[in-house]
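Quick notes on the structure that follows.
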There are 4 protein chains.
Amino acid sequence: MARLSREESRARTREQLLASAARAFARAGYGGASVDEIAEDAGFSKGAFYSNFASKEAIFLALLEQKKRGEIAAIRSLLAEPDTDALMRGLRAWLDAAHDDPALSLLAAEIELQARRSESLAAGYRALQERLSTELVGFIAAVFGRLGLRPPAPVADIAATFIAISNGAAMATDPGANQSGRLMQLFLDMVLKASRPADAGDSDG
Amino acid sequence: MARLSREESRARTREQLLASAARAFARAGYGGASVDEIAEDAGFSKGAFYSNFASKEAIFLALLEQKKRGEIAAIRSLLAEPDTDALMRGLRAWLDAAHDDPALSLLAAEIELQARRSESLAAGYRALQERLSTELVGFIAAVFGRLGLRPPAPVADIAATFIAISNGAAMATDPGANQSGRLMQLFLDMVLKASRPADAGDSDG
Amino acid sequence: MARLSREESRARTREQLLASAARAFARAGYGGASVDEIAEDAGFSKGAFYSNFASKEAIFLALLEQKKRGEIAAIRSLLAEPDTDALMRGLRAWLDAAHDDPALSLLAAEIELQARRSESLAAGYRALQERLSTELVGFIAAVFGRLGLRPPAPVADIAATFIAISNGAAMATDPGANQSGRLMQLFLDMVLKASRPADAGDSDG
Amino acid sequence: MARLSREESRARTREQLLASAARAFARAGYGGASVDEIAEDAGFSKGAFYSNFASKEAIFLALLEQKKRGEIAAIRSLLAEPDTDALMRGLRAWLDAAHDDPALSLLAAEIELQARRSESLAAGYRALQERLSTELVGFIAAVFGRLGLRPPAPVADIAATFIAISNGAAMATDPGANQSGRLMQLFLDMVLKASRPADAGDSDG
DNA sequence: TATGAATGAGAGTTCATTCAT
DNA sequence: AATGAATGAACTCTCATTCAT
């Protein structure tokens with residue numbers, strides 16, 4: 001194996017700490033996870049942690065960024081699909097898969113809650129969330145366009161509902177049965193069923 | 001004001017502690033709220049807290065019970081409305097109002113998250129959640145019946161989606177704009193638009 | 001059953017509290033036993049406790065007094081036995097029995113330790129302990145006299161050793177095997193074997 | 001003084017905490033001594049305490065180990081003395097000296113009491129106590145052998161009595177006059193006087 | 001006399017963070 | 001860059017005691 005350059009080694013440490021933090025936060029929550037535990041689980045000391053992240057909140061925020069980035073990338077890659085049927089299949093598959101990891105979903109919920117309670121966290125969070133939301137709105141609009149349907153409600157609201165279901169379902173009673181994907185598909189179906197052809201005009205009746 | 005009997009005084013203390021706890025948990029989360037703060041905010045000492053509630057978890061659970069009880073009562077009172085139009089108006093009003101208090105909704109989210117992390121909390125929680133879920137399923141089925149519509153998806157899943165939106169929306173980006181009620185109404189609209197008359201038979205075409 | 005007079009009822013309450021306290025202190029130690037637990041175990045409230053004893057320390061001292069009184073009475077009743085052989089048999093029986101209750105012995109140890117740490121407790125304790133010690137010294141001297149033996153060491157030291165063994169054995173490793181009685185008998189044997197006839201004069205050879 | 005290495009510094013902190021704990025426990029008892037007080041008296045923060053010992057119980061147990069280790073070493077060093085007269089002088093000197101510190105003796109008593117009340121403490125305690133007991137039994141047997149005397153009672157019982165006196169005497173009335181050494185010497189004298197030459201056969205007469 | 005709600009000081013313990021090594 | 005000993009504030013919870021009822 002090639003010797004890692006100093007920069008590479010640092011990046012690697014960072015990745016390992018992030019992965020360890022994701023596990024810890026998902027399992028124990030923001031307050032319940034300790035910096036010590038995160039560092040140790042990644043195979044480092046507390047000192048190493050603080051060499052890589054300014055604070056516990058900082059790694060939390062970094063985690064959030066990582067996650068949102070991933071979701072945005074997924075949305076973009078879906079849109080790149082030229083065939084609309086394939087796009088819809090891909091969408092359904094993603095809804096299932098993306099939220100397959102209950103730990104990850106819980107982490108999302110944790111992040112959202114925590115962001116409401118720390119000004120500094122919220123500041124960093126807002127921008128990312130905005131970007132995801134914008135991306136999702138654009139995506140939904142595009143999908144309706146490609147399906148030739150008129151959205152039955154403001155696209156921004158539809159997007160918000162998807163996000164709400166995603167966050168809310170992760171917290172449902174039964175930890176085993178991850179409903180997130182299923183409920184989002186259900187909502188997708190409702191929305192599609194409630195839609196009318198785009199060329200049907202504006203009138204409802 | 002009449003002098004309070006000992007029992008009344010105790011009940012009053014309990015209520016005040018519960019109210020204070022609701023505020024504290026909503027503002028700072030379960031981990032972030034301290035027993036000391038809850039007690040002081042209610043005008044009592046830590047000792048008074050512990051002579052009324054066995055633990056921090058206990059008051060959290062009591063709060064949960066109070067909230068769920070309130071929601072179940074609201075559902076039942078809605079169903080008691082004989083006029084279906086009035087019922088639907090009441091339902092929409094309730095969706096708006098019941099989730100008007102963002103603090104309360106956040107508390108719900110917090111409870112759900114916390115329940116996943118404490119065995120003892122989860123134990124007490126499960127039963128109540130079950131009751132609310134059952135109630136909601138029955139309510140939704142009844143509403144479809146009275147509207148003469150066939151549910152476009154399993155009623156249990158529709159109920160679960162409502163609960164997910166309720167929990168998830170409370171956590172949305174903007175703490176000011178409480179979207180909970182609006183998104184649930186949106187979902188209600190989708191569901192109704194996606195439904196067909198009950199007497200249309202089972203066939204989709 | 002005859003109705004108890006107020007004074008009798010009070011005395012009864014006191015006795016029950018004392019008995020409950022003896023159990024509690026023996027099981028959990030002075031610090032570990034709570035006033036609440038003592039009162040409840042006796043079937044009363046904390047208020048009743050404080051109506052009967054000024055403080056936790058006070059009931060502890062009262063317990064000590066009760067115990068020492070009992071031991072002094074036992075010693076006196078042994079000495080009243082005119083037949084020396086019977087006296088010795090009675091002594092051995094008492095050594096076995098009096099220390100049969102490991103809880104009681106532990107209580108004694110607890111009391112002695114605690115008395116060293118509270119000036120007010122020590123004050124009340126000293127007098128009682130003095131009385132027991134004096135009584136024991138007199139008893140041992142009398143026994144030697146009746147046996148026609150000369151004590152092989154100062155009688156006060158022999159008495160102190162008995163007391164030390166009694167207290168110390170109660171704390172031995174194995175909670176089940178109460179060695180107190182056995183070890184005191186062993187010491188008694190040693191002392192007797194090491195003694196010479198009183199009329200043998202002062203010379204050792 | 002040379003700058004301490006990190007390891008040395010840690011060991012020093014540990015020693016200081018142990019010394020401070022010994023003082024605190026002896027003065028105030030297990031329950032009466034607080035972790036805060038122990039740490040402060042040693043010149044450290046509570047945090048430093050907990051980075052050196054897992055719990056209050058843990059330092060208590062460490063203290064016990066230290067003490068027992070010292071006693072076992074003393075016994076062994078006594079036995080190494082080839083001259084029997086010198087050994088006996090050494091033994092008497094040790095009985096006086098080893099128990100000279102009333103605080104240390106009280107600590108022993110406290111430990112024994114506490115061990116009966118905490119399962120985890122008792123677990124760690126039992127092994128050490130066993131080792132000391134075994135050591136003492138071997139020592140006493142060896143002494144009798146070298147003196148050419150036959151023990152007048154089972155050696156294990158004689159050892160148990162020594163331990164009981166040691167523990168019990170520490171708790172005696174007068175905190176100033178430490179009787180421990182004197183009473184153990186007295187018991188030693190009794191035992192020796194009560195012994196017969198080993199070659200005198202089994203018969204008592 | 002007895003009750004038990006309330007007090008308030010103080011307990012053991014945890015943990016994010018700092019900094020000398 | 002990494003270590004981990006030390007800090008110190010904050011936490012949940014306990015309990016002897018008081019006092020209005």
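Letters A, B, ... are given to chains in the order of the sequence lines, protein chains preceding strands, and every chain is numbered from 1.
One distance of note links CG of B/L121 with CG of B/L64; it measures 7.5 Å at 0.5 Å rounding. The CZ atom of B/F44 lies 6.0 Å from the CG atom of B/L17; values are rounded to the nearest 0.5 Å. The CZ atom of D/R12 lies 4.5 Å from the CD atom of D/Q16; values are rounded to the nearest 0.5 Å.
One interatomic measurement links the two molecules: CD1 of C/I38 to C1' of F/dT17, which rounds to 14 Å at whole-angstrom precision. E/dA16 atom P lies 12 Å from atom CD1 of A/I59, rounded to whole Å. Here E/dT17 presents its C1' atom at 14 Å from CD of A/E57, a figure rounded to the nearest Å. Atom CD in D/E37 sits roughly 8 Å away from atom P in E/dA11 (whole-Å rounding). To the nearest angstrom, P of E/dG8 lies 10 Å from CD of B/E40. Put simply, CZ on B/F25 is 12 Å from C1' on F/dT12, counting in whole angstrom units. As rounded to whole Å, 15 Å separates atom C1' of F/dA2 from atom CZ of A/F53. E/dA2 atom C1' lies 14 Å from atom CD of C/Q16, rounded to whole Å.
Judged by closest nucleotide on DNA chain E, B/F49 is the one of D/S55 and B/F49 placed further toward the 5' end. Where B/D36 and A/N52 meet DNA chain F, the nucleotide closest to each residue was compared, and A/N52 sits on the side nearer the 5' end. Nearest-nucleotide mapping onto DNA chain E: of D/Y30 and B/G43, the residue sitting toward the 5' end is B/G43.
You'll find a donor-acceptor pair under 3.5 Å spanning the side chain of D/K46 and the base of E/dT13, going by distance alone.
Considering every non-hydrogen atom in both B/E37 and B/A24, the closest pair reads OE2-CB, 3.8 Å. Here the shortest heavy-atom pairing between A/I38 and A/S20 reads O-OG, 2.7 Å.
Nucleic acid contact class of D/S45 (heavy atoms, under 4.0 Å, all strands): base. Among the heavy atoms of the strands lying under 4.0 Å from B/A33 are primed sugar atoms or P, OP1, OP2 only; no base atom is included.
In this model, the phosphate group of F/dA16 is approached by a side-chain N or O of C/K56 to a distance below 4.0 Å at OP1 or OP2. Using a 4.0 Å cut-off, no side-chain N or O of D/Y50 falls inside it from OP1 or OP2 of E/dT14. The side chain of C/R10 places an N or O atom within less than 4.0 Å of a non-bridging phosphate oxygen (OP1 or OP2) of E/dT1. Phosphate contact (OP1/OP2 of F/dA1, side-chain N/O of A/S51, threshold under 4.0 Å): absent. Residue D/T13 places at least one side-chain N or O under 4.0 Å from the OP1 or OP2 atom of F/dA6.
Pair assignment for F/dT18: E/dA5, on the basis of Watson-Crick or G-U wobble contacts that are both within less than 3.5 Å.
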Between C/E15 and C/R10, does a salt bridge (charged side-chain N to carboxylate O under 4.0 Å, His left out) hold up when you go through it step by step? CA-CA 9 Å; C/E15 282 321 307; C/R10 187 182 162 78; over 6 Å; no

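With E/dG12, E/dT7, F/dT3 as the candidates, the nucleotide lying closest to the side chain of D/V35 is E/dG12.
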